[in-house]
Colleague: 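Input: one structure, supplied below.
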Amino acid sequence: MQGVGFRPFVYRLAGEHGLGGHVRNDERGVILEVEGDALDVERFLARLEVEAPPLARVERVSPRDVGLRGSGEEFTIVASAGGGEPQAQVSADTATCADCLAEVLDLADRRHRYPFTNCTNCGPRFTIVTGVPYDRPSTTMAGFEMCALCRAEYEDPRDRRFHAQPNACPRCGPQLRLLKLDGTSAPAGEGDVIATTAVALLAGRIVAIKGIGGYHLACLAGDEDAVARLRARKHREDKPFALMAPAIAHARELVELTAEEETLLTGPEAPIVIARRRGAAPVASSVAPSGRDLGVMLPYSPLHHVLAADVAAALVLTSANVSDEPIAYEDADARERLSDVADLYLVHDRPIHTRTDDSVVRSLGAGTPLLIRRSRGFVPGAIALPSALRRPVLGCGAELKSTFCLAKGSRAWVSHHVGDLKNYETLTSYREGVDHFQRLFAVEPEVVAHDLHPDYLSTSYANAREGVDHVAVQHHHAHLAAVLAEHEEPGDALGAIYDGTGLGPDNTVWGGELLVGSARGYERAGLLFPVRMPGGDAAAREPWRMACAWLAAALEQERPALPARLAGMVEAGRWGAISELIRGGVASPLTTSAGRLFDAVAALCGLRAEVNYEGQAAAELEGIAVPQPGRGYPMPLVTGGEAPILIDARETIRALLSDLDAGTTPGLVSGRFHESLAAATAAACAQITAERGLDAVVLAGGVFQNRLLLARATELLGAEGLRVLIPRLLPPNDGAICFGQVAVAAAREGAPG
Ligand code: ZN
Ligand code: ZN
Ligand code: FE
């Protein structure tokens with residue numbers, strides 16, 4: 001990689017050991033020749049891997065003897081030869097490093113409070129790159145000419161800013177402006193634009209702030225009035241807002257943090273970390289109206305650092321959009337779209353080339369965080385494929401939480417989170433994103449893999465690409481294959497894939513599947529008891545419909561009575577109409593969806609009849625759960641000859657209903673329900689793996705974003721002596737589908753010829 005400080009590091013290291021020689025890049029990687037005292041060469045090699053700068057990931061060092069060249073003690077950095085194929089020379093956007101932050105905070109430094117300070121160890125990369133090779137003219141910094149001081153840093157191999165493409169200072173780099181709604185400058189206050197913005201935030205204003213990957217909307221997190229206004233203007237009812245704490249000490253006041261969570265927060269990716277909210281957290285209740293957790297991040301650009309320090313309190317920092325639209329990132333568009341939402345705009349003149357949302361992680365406390373959304377800070381890091389591809393492949397992904405994946409050789413590049421493809425604007429940015437990645441990584445796909453669902457826009461996109469081979473991949477098979485590929489697991493495994501929806505080959509809606517297989521193929525070895533999904537997709541927005549369907553199945557009644565806990569929330573007439581749909585099966589496909597089972601239980605507990613964001617009911621059910629290890633409801637396994645195992649949740653529903661009727665709290669009922677599903681899953685997996693001589697179980701699918709279910713299922717499977725494989729590099733949800741599709745397409749291609 002270029003611009004990550006590796007060559008200057010080598011230069012310094014060679015100097016310290018008195019070695020001569022040179023270093024250069026070629027398309028295979030970094031080539032370096034050193035000569036000098038044997039012991040010095042050995043020490044040099046030892047330090048090479050260990051002390052490499054943070055963004056330069058050393059995959060492998062392969063030393064070789066080449067004989068003396070007579071370079072004496074002179075060491076040089078040889079300019080890139082060019083030629084060959086452009087390789088992955090773009091790293092992810094990286095949070096401000098300690099050295100840059102120190103400069104920004106230093107009154108005497110020429111970059112004091114300069115919001116675009118960066119170096120080879122930090123700063124924007126992926127979001128500003130416009131083409132290859134990765135060089136200043138191929139970034140959105142192209143229009144800024146470096147001043148003499150910046151130029152000198154850029155050209156000095158001993159400097160931290162040697163070949164730092166976005167290098168800038170207050171004299172030559174991008175500038176901030178604070179604008180009013182009409183686009184004119186806001187009146188200057190005391191100090192600079194950031195100080196004026198801080199004053200406005202402290203006075204309860206909502207400010208649209210142009211950041212690294214797009215615009216955010218910001219307001220004071222402790223200001224109930226401001227947060228409520230933001231919710232109303234953004235048309236966002238319950239979905240929690242992310243927070244930015246000025247520093248880790250502030251974050252500790254908002255949420256309970258484990259050591260692992262602190263490591264995640266302060267890491268170079270600087271994601272949003274979802275953690276347990278503190279009782280006395282100084283935030284408005286409308287930040288997260290119905291949740292027990294808060295999503296918190298730390299400042300990751302100098303702009304955020306200075307602003308957060310000026311405000312000296314947590315800010316709401318949420319993607320700037322209205323409802324489900326993608327995040328705004330272009331200036332004119334942002335001003336237009338946000339004119340009813342923001343009071344002020346804090347903007348700058350460095351364009352954002354690729355819109356990139358903040359990443360979201362959850363700690364599992366076991367050394368491997370669970371990625372909920374893999375985007376800024378992680379993308380476009382390459383993921384290794386277990387074996388080399390015969391031909392380049394594009395995986396088109398699913399529909400919600402869509403991402404795409406390009407792969408060539410033994411590397412795969414999974415895109416940033418693009419979002420819900422039902423939205424026209426998202427589809428446009430998806431198309432542009434694929435084109436951009438094809439150029440960046442020089443991949444011209446010859447195989448295009450897509451979901452089995454004919455109506456997904458990602459499927460239409462795939463089918464519209466001509467002159468390529470198309471491969472349709474079943475959704476849950478892709479989930480299984482994605483996890484197997486990232487773990488480089490060569491053989492067959494059993495996957496418990498618990499999900500919202502995915503089309504099955506039998507044209508029913510799958511989503512509670514036990515699949516045996518590998519990327520080469522699969523067999524359905526088990527499934528959740530299927531029930532009707534009345535009204536199709538509408539059932540996902542109205543969990544009470546699933547409550548009705550599960551009641552009808554569990555009680556074997558054609559017209560189940562409207563439960564008292566739902567009576568205030570659902571009209572009796574609608575309940576009756578939906579039970580008719582279920583009875584007749586009209587517009588009500590059968591589903592094994594585990595996500596819909598969670599919806600039904602949440603509704604039966606009286607948590608909510610309707611949701612206003614995806615996965616809300618399940619998240620709230622998890623949120624109230626009081627863990628009940630060993631005290632689950634019955635959830636029997638029905639086995640019969642050749643047929644797949646049926647996980648029969650009807651008895652579970654009956655048991656939890658009588659528990660609720662007896663006055664048991666929804667928190668306990670939720671805990672027992674989680675326990676039943678974890679235990680039934682472990683039992684079914686133990687049986688299937690024993691029958692088939694397997695030892696590994698994959699847990700994947702959006703339902704496994706549920707930390708309680710994932711942790712308990714992992715524990716119980718471990719107790720059965722099974723190896724549990726969970727997603728680490730990619731999310732358990734549909735963000736991983738594109739990568740799984742690539743793995744399946746690759747397996748069908750066979751080994752390179
Ligand atoms: Zn830096
Ligand atoms: Zn400068
Ligand atoms: Fe899925």
Side-chain angles (χ1 to χ4, degrees), residues 54-55 91-105 109 111-129 139-141 144 161 164-170 173-178 192-195 197-198 201 207-218 242-248 250-251 265-272 296-311 314-320 327-329 331 334 345-359 375-379 416:
L55 294 190
S91 57
D93 304 276
T94 302
T96 309
C97 73
D99 291 336
C100 286
L101 183 58
E103 289 171 337
V104 169
L105 299 178
D109 194 278
R111 290 189 172 88
H112 178 58
R113 288 176 72 88
Y114 182 57
F116 304 96
T117 304
N118 65 82
C119 72
T120 46
N121 299 328
C122 75
R125 296 286 189 278
F126 172 66
T127 50
I128 62 165
V129 68
T139 69
T140 61
M141 286 297 291
F144 299 92
R161 298 196 164 94
Q165 304 305 348
N167 188 25
C169 79
Q175 302 295 329
L176 285 179
R177 285 179 73 197
L178 184 63
D192 59 14
V193 166
I194 302 181
T197 307
L201 287 165
V207 185
I209 299 175
K210 185 177 178 182
I212 297 289
Y215 276 73
H216 282 117
L217 288 162
L243 303 176
M244 180 174 275
I248 189 79
H250 291 81
L265 270 173
T266 54
E269 298 90 1
I272 295 169
V296 179
M297 64 184 145
L298 292 179
Y300 55 83
S301 80
L303 168 59
H304 298 141
H305 276 289
V306 176
L307 181 65
D310 282 2
V311 172
L315 291 169
V316 164
L317 208 64
T318 181
S319 297
I327 184 171
Y329 74 115
D331 301 329
Y345 304 93
L346 181 60
V347 302
H348 59 74
D349 51 357
R350 181 177 68 200
I352 296 169
H353 187 74
T354 303
R355 125 177 56 214
T356 311
D357 294 82
D358 294 316
S359 294
S375 220
R376 179 190 48 76
F378 294 93
V379 176
H416 50 298

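Just so it is clear, the structure is predicted and the values come from calculations on it, not from any experiment. In this chain, residues are counted from 1 in sequence order. Scope of the values below: all heavy atoms of this structure, side chains included, with no hydrogens, waters or symmetry mates.
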Colleague: For the NE2 atom of His304 and the CD1 atom of Ile212, what is their distance to the nearest 0.5 Å?
Modeller: 7.0 Å

Colleague: If you compare all heavy atoms of Ser359 against all heavy atoms of Phe378, which two are closest, and at what distance to 0.1 Å?
Modeller: OG-CD1, 3.3 Å

Colleague: Locate the shortest heavy-atom distance separating Gly267 from Ala95; write the atom from each residue and the value.
Modeller: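 Shortest heavy-atom contact: O-CB, 4.3 Å.
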
Colleague: Rounded to the nearest 0.5 Å, what separates atom CG in Leu178 from atom NE2 in His348?
Modeller: 13.5 Å

Colleague: Quick one: CZ on Phe126 to OG on Ser375, what's the gap to the nearest 0.5 Å?
Modeller: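 Those atoms lie 7.5 Å apart.
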
Colleague: Would you check if Arg125 and Pro166 make a side-chain contact, meaning some heavy-atom pair closer than 4.5 Å?
Modeller: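 Yes; the side chains approach each other to less than 4.5 Å.
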
Colleague: Evaluate the side-chain proximity of Ile248 to Leu298: yes if any heavy-atom separation is below 4.5 Å, no if none is.
Modeller: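 Yes, side chains in contact.
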
Colleague: Quick one: does Ile272's side chain get under 4.5 Å of Met297's, heavy atoms only?
Modeller: yes

Colleague: If we only count heavy atoms from C-beta on, is the Asp331 to Lys210 side-chain gap below 4.5 Å?
Modeller: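 When only atoms from C-beta onward are counted, Lys210 and Asp331 do touch, with a gap below 4.5 Å.
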
Colleague: Any side-chain heavy atom of Asp358 sitting closer than 4.5 Å to one from Tyr300?
Modeller: yes

Colleague: Quick one: CD on Gln165 to OG1 on Thr140, what's the gap to the nearest 0.5 Å?
Modeller: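 It comes to 12.0 Å.
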
Colleague: Can you confirm whether Thr354 sits close enough to Tyr329 that some side-chain heavy atom of one is under 4.5 Å from a side-chain heavy atom of the other?
Modeller: no

Colleague: When you measure from the side chain of His112 to the backbone of Val104, do you find a donor-acceptor pair of N or O atoms at a distance under 3.5 Å?
Modeller: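 Present.
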
Colleague: Check His416 against Thr356 and note the closest heavy-atom contact, atom names and distance.
Modeller: CB-CG2, 4.1 Å

Colleague: Which pair of non-hydrogen atoms, one from Pro299 and one from Ala245, has the smallest distance, and what is that distance?
Modeller: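 For Pro299 and Ala245, the tightest heavy-atom pair comes out as CD-O, 3.0 Å.
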
Colleague: Under 3.5 Å, side chain of Arg376 to main-chain N/O of Ala270, donor-acceptor pair present?
Modeller: yes

Colleague: Calculate, to the nearest 0.5 Å, the distance between atoms CG and OG1 belonging to Asp93 and Thr127 respectively.
Modeller: 3.5 Å

Colleague: Return the minimal non-hydrogen interatomic distance between Ala164 and Asn118, and the atom names on each side.
Modeller: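 Nearest heavy atoms, Ala164 then Asn118: CB-OD1, 4.3 Å.
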
Colleague: Suppose the criterion is salt bridge (charged side-chain N to carboxylate O under 4.0 Å, His left out): which pairs have a residue in residues 111-121, not counting sequence neighbours?
Modeller: Arg111-Glu153, Arg113-Asp192, Arg113-Asp310

Colleague: Quickly, which of Leu346, Val347, Ile209 forms a side chain to side chain contact (heavy atoms under 4.5 Å, CB included) with Tyr215? Name it, please.
Modeller: Val347

Colleague: Could you state the interatomic distance from OG1 (Thr117) to CZ (Arg161), rounded to the nearest 0.5 Å?
Modeller: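 Answer for the OG1-CZ pair, Thr117 versus Arg161, is 6.5 Å.
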
Colleague: Answer whether the closest heavy-atom distance between the side chains of Leu217 and Val316 falls below 4.5 Å.
Modeller: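 No, too far: nothing below the 4.5 Å cut-off.
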
Colleague: Could you pull out the closest heavy-atom pair between Pro174 and Ala168, with the gap in Å?
Modeller: CD-CB, 4.0 Å

Colleague: Apply salt bridge (charged side-chain N to carboxylate O under 4.0 Å, His left out) to Asp109 and list each qualifying residue two or more places apart in sequence or on a separate chain.
Modeller: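 With neighbours one apart ignored, the set is empty.
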
